[in-house]
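Chain identifiers are assigned alphabetically (A, B, ...) following the order of the sequence lines, protein sequences preceding nucleic acid strands; residue numbering begins at 1 within each chain. Values below: all heavy atoms of this structure, side chains included; hydrogens, waters and symmetry mates excluded. The model shown is predicted, which means the values in this text are computed figures rather than measured ones.
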There are 2 protein chains.
Amino acid sequence: MPVPAELPPVGAAFLLTQLGTHAAMKFAERVSALDLTPPQVGVLRMIAGQPGLSQQNLAERLGMLPSKVVAFVDELEGRSLVTRTRSTRDRRVYELTLTEEGTELMAEIRSVAAEHEADFCRALTPDEHAQLRALLTRVAESHDLTPGVHPGYRIIR
Amino acid sequence: MPVPAELPPVGAAFLLTQLGTHAAMKFAERVSALDLTPPQVGVLRMIAGQPGLSQQNLAERLGMLPSKVVAFVDELEGRSLVTRTRSTRDRRVYELTLTEEGTELMAEIRSVAAEHEADFCRALTPDEHAQLRALLTRVAESHDLTPGVHPGYRIIR
DNA sequence: TATTGTTATACTCTATAACTATA
DNA sequence: TATAGTTATAGAGTATAACAATA
C-alpha cells in the first residue's frame, strides 16, 4: 500500500478561500432564519444605504444583471420589505426604498451579522480579532475591493 | 435627494467572504493558463496526496457526488493526466494515480499557487504575512475545516 | 443483498436578447 | 434613437435515481 505523499503547505490565499466559503455558508444558515438569502441581504443593505436608487443603479453597484434585480425586487416587494415608486422626473425609473418593515428587518440583519462575526472569530482574543480585521482590510484595499459588496454578485465573463 | 445613510462597519467575517471569493477568482484565472479549473486542481491534488485511492474515496474526501467524480476523471484521463487501474483485490474499484505528465503538471500547479500566494499578499510585510497565516489557521482549526479541502466541493443539503 | 462505477433524466439556475413604456 | 424595466427562452450545470458489474 503506497504511503501518502506530503501535501504542500497551505498558504494564506487558500486559507482565505476556504474560510471565506465557510463563513458565507454559516452566514447563509443564520439569515435563513429570517427567511433571507445572502444576495437578498446584499440588496436590502444597498437600498438601506442608498435609498431612492433605481434598479439599474442597484444592478450596476452590485454587479448583478438587471433582469435578476427584477426578480429580487419582485420578491422583496411582495413581502412588503421594499417599495417601488415611479420617479416624477423620469417615469421610466423606479425609486427603491425600504418599508418600515424592511427597516426593522435590516436591524435584525445587523444583529445576526454581529452574532456571526463574534462566533466566527471566537478562537481569537479581542486584540487578535482587531489585528485580523486590520490585515484583511489592507489586503482588500490592495486589491481594490468595493467595501461591503460581495464579488460573487459580479458578472463573470 | 436623500443623503446616503452610513453603511455598518465591515467585520472580519464579511472581509473573509469577500476576499475568499476574490482569491478564488484570481486563482481560477491563473490555473486557467494550465487549462484547469479549481475543482480539477483539487482532484489532482487529492490523487497526488493519496495515490491509488478509489473514486468513492475521492468523492467522500472532497465531498463531491460520485457521479461528478466520474466526469472529472473521464476528462483528466482523456488528457493523460490520471490513470484508472482495476484493483486486483476488488474488481469493482478503480485505483487512481497521476501519470508522469500529471505529476509534472502538479509541479506547475504548485508554482502557480506560490505566485498566487505572493501576489495576493503583496500588501503585507513578511512578518504580517506570517501573522495573517497564523491567525487564519487558528480560525480554520476552531471551525474544524479539513486542511487543503475547499468546502465548496461539499454537498449542501 | 450491498457496493463501485456509470449513465440518463429531470430540475434548477442564469445569461441573452426580445419587448414595452417612456424619454 | 436610447434607456429603464420586464419577460421569455435557450443553454448550462447538477442532483437524483436507475443500471451493470462485481462482491
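- Using a 4.0 Å heavy-atom cutoff across all strands shown, B:S67 reaches at least one base atom of the nucleic acid.
- Protein atom OH of A:Y94 is 11 Å distant from nucleotide atom C1' of C:dT20, rounded to whole Å.
- To the nearest angstrom, P of C:dT6 lies 10 Å from CD of B:Q56.
- The side-chain heavy atoms of A:L96 and A:R84, taken from C-beta on, include a pair separated by under 4.5 Å.
- In the set C:dT7, D:dG5, C:dT3, C:dT3 carries the atom at the smallest distance from any side-chain atom of B:R92.
- In this structure, B:K68 places its NZ atom 21 Å from P of C:dT9, rounding to the nearest Å.
- What separates CZ of A:R84 from P of D:dA4 is a distance of 15 Å, to the nearest Å.
- Using a 4.0 Å heavy-atom criterion, one finds that A:V70 contacts the bases of the nucleic acid, with or without backbone contacts as well.
- Remark: the backbone N or O of B:A12 is paired with a side-chain donor or acceptor of A:E117 at under 3.5 angstrom.
- Among the heavy atoms of the strands, none lies under 4.0 Å from B:R86.
- Here C:dT14 presents its C1' atom at 12 Å from CE of A:M64, a figure rounded to the nearest Å.
- Considering only side-chain atoms of A:D74, the nucleotide from C:dG5, D:dA4, D:dT7 that sits closest is D:dT7.
- In this entry the distance linking CG of A:L65 with C1' of C:dT14 reads 8 Å, nearest Å.
- Counting only distance, with no hydrogens or angles, the side chain of B:T99 and the backbone of B:L81 share a donor-acceptor pair below 3.5 Å.
- For the pair A:F27/A:V41, a side-chain contact is recorded, criterion being any heavy-atom separation below 4.5 Å from C-beta on.
- Contact annotation: side chain of B:R91 to base of D:dT22, donor-acceptor pair absent below 3.5 Å.
- A cation-pi arrangement is absent between A:R30 and A:F120, since the terminal nitrogen or guanidinium carbon is not both under 6.0 Å from the aromatic centre and inside a 45° cone about the axis.
- To the nearest angstrom, P of C:dT20 lies 20 Å from CG of A:D90.
- Residue whose closest nucleotide on DNA chain D sits further toward the 5' end, between A:A71 and A:V93: A:V93.
- Distance B:F72 CZ to C:dG5 P: 16 Å, rounded to the nearest Å.
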